[in-house]
Asks: 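Okay, here's the structure, questions in a sec.
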Amino acid sequence: LPHVVILATGGTIAGTGATSTTTIGYTAAKLGVDKMIESVPELKQVADVRGEQVAQIASESMTNEVWLKLAKRVNQLLAQKDVDGIVITHGTDTIEETAYFLNLVVKSKKPVVVVGSMRPATAISADGPINLYNAVTLAGSKEAIGKGVLVSLNDQINAAREVTKSNTSTADTFRTPDLGFLGYMQDNKPHFYRMSTRKNTADTEFDVSKLDKLPRVDVVYGYANMDRVAMDADIAAGAKGIVQAGVGDGSIAAQMMPAFRDARKQGVVMVRSSRVGSGIVARNGEANDDKEDLVVSDTLNAQKARILLMLALTKTNDTKDIQRMFYTY
Ligand SMILES: NC(=O)C[C@H](N)C(=O)O
């Protein structure tokens, strides 16, 4: 049997509610990793599993510090001969962010699968146990090697770079808009049909082994009648980069342009992303990125663009080089 380590961070998969019909007003991050493993005895049929508790939080409270701790532990474990794959149990609110962060900093081709659930462990038809079973099966599989960090819930396998939470509360919330998920978990095995084409894990240039913090990068949301107050406040608070989740194709409001120019004068790296949820933000499309010295996020949503920009800023401030990274990862 493959050796799979489960790193637990909390979330609804470890959540408990007052009654079996409580699916909303429950408390996330209550069960410890050993209790979660015990509650799915079938795990022992597919892998030699053991657990470690890395954090015990609802994922809305995820921080850069927990990411660094988690990534370092994943890298230590995957360097061991007796570890074949890792499962990370996680809340679903920021699962796509943690998965993409790991997709950029894990230095191994061995499978890393991030899993969560939409119903707490105490609910009727809780989705946590089957999701955990599928995740451990996937992490122990040969098929998952070299596919980058994966997110698996609801019998589906998604790529970390592309997956996003699309519904606040239903079990089928995870989607890869337009591009589609990678495959299914069915009948105790993965069935892959496609792969993400972007570089990941062992093929990236990022190394967090000596980092204990990441540069501050904030997201500013675009909307009609927006002004520069939030962006200026973020920069005053020390942001080295700003991602605008702009309207449409990452458009910049006329009244925001002076704020973008002031930010660039101070060396703040400005990334145009979109609030739309799918599609490419085209370079020199809705803004003159060459002239204004801006970066476009390509198809990354704003929360993932923030992660890539933080990591990029650990290497360089050069906007051309950072743009290359956005087209590479
Ligand atoms: N379904 C969930 O896991 C939601 C929860 N708020 C979390 O992200 O921890």
Side-chain angles (χ1 to χ4, degrees), residues 6-37 39-40 51-71 73-74 86-103 112-136 138-139 149-158 160-177 181 185 219 277 301-304 306-307:
I6 301 178
L7 299 180
T9 70
T12 297
I13 193 166
T16 58
T19 71
S20 62
T21 54
T22 305
T23 52
I24 296 295
Y26 59 87
T27 312
K30 295 300 267 187
L31 296 182
V33 65
D34 293 334
K35 275 268 170 309
M36 278 200 291
I37 294 174
S39 70
V40 191
E52 288 180 21
Q53 196 78 43
V54 173
Q56 186 62 299
I57 54 176
S59 80
E60 56 269 34
S61 306
M62 187 49 65
T63 62
N64 293 353
E65 286 66 35
V66 177
W67 281 344
L68 289 169
K69 179 179 173 195
L70 182 62
R73 189 65 190 133
V74 169
I86 303 271
V87 168
I88 294 155
T89 60
H90 200 287
T92 55
D93 290 349
T94 58
I95 204 170
E96 67 196 71
E97 294 176 55
T98 298
Y100 186 56
F101 180 73
L102 294 173
N103 198 54
V112 176
V113 181
V114 196
V115 65
S117 78
M118 290 302 287
R119 300 187 188 122
T122 44
I124 318 176
S125 296
D127 51 338
I130 181 75
N131 287 348
L132 184 60
Y133 174 76
N134 280 335
V136 168
L138 182 59
V149 174
L150 302 170
V151 174
S152 178
L153 291 90
N154 209 36
D155 301 342
Q156 293 165 344
I157 308 165
N158 280 284
R161 183 182 182 279
E162 279 116 29
V163 68
T164 196
K165 191 173 193 179
S166 69
N167 185 291
T168 55
S169 41
T170 62
D172 63 346
T173 180
F174 285 96
R175 291 272 178 267
T176 290
F181 53 83
M185 289 305 298
V219 175
N301 65 26
Q303 58 270 33
K304 292 185 195 182
R306 187 185 85 89
I307 292 166

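Bear in mind that the values here come from a model prediction, so they are computed numbers and not experimental data. One-based numbering, in listed order, for ligands and for the atoms of each.
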Asks: For the residue pair D93 / S59, report whether a side-chain donor-acceptor contact shorter than 3.5 Å exists.
Replies: no

Asks: Does T173 have any side-chain hydrogen bond (donor to acceptor under 3.5 Å, both in side chains) partners at least two apart in sequence or in another chain, and if so, which?
Replies: none

Asks: Does some non-hydrogen atom of G15 fall short of 4.0 Å from ligand 1?
Replies: no

Asks: Holding to side-chain hydrogen bond (donor to acceptor under 3.5 Å, both in side chains), I want the full list of residues that pass it with N103, two or more places apart in sequence or in another chain.
Replies: none

Asks: Please say whether D93 places an N or O atom under 3.5 Å from an N or O atom belonging to ligand 1.
Replies: yes

Asks: Measure the distance from atom 1 (N) of ligand 1 to every protein heavy atom, then report the residue, atom name and distance (to 0.1 Å) of the closest one.
Replies: T92 OG1, 2.7 Å

Asks: If you measure only the distance, is there a donor-acceptor pair under 3.5 Å linking the side chains of D34 and Q53?
Replies: no

Asks: Side chains of T12 and Y26 only: does a donor on one sit below 3.5 Å from an acceptor on the other?
Replies: yes

Asks: With heavy atoms of A58 as the reference, note each atom of ligand 1 found under 4.0 Å away.
Replies: 9 (O)

Asks: Under 3.5 Å, N or O to N or O, is T12 touching ligand 1 that way?
Replies: yes

Asks: Show me which atoms of ligand 1 lie under 4.0 Å from any heavy atom of S59.
Replies: 7 (C), 8 (O), 9 (O)

Asks: Would you mind listing which atoms of ligand 1 come within a distance below 4.0 Å of any non-hydrogen atom of E60?
Replies: 5 (C), 6 (N), 7 (C), 8 (O), 9 (O)

Asks: Say whether S117, considering both its backbone and side-chain N or O atoms, lies within less than 3.5 Å of an N or O atom on ligand 1.
Replies: yes

Asks: Just so I know, are the side chains of F174 and I95 near enough to count as touching, which here means a heavy-atom distance under 4.5 Å?
Replies: yes

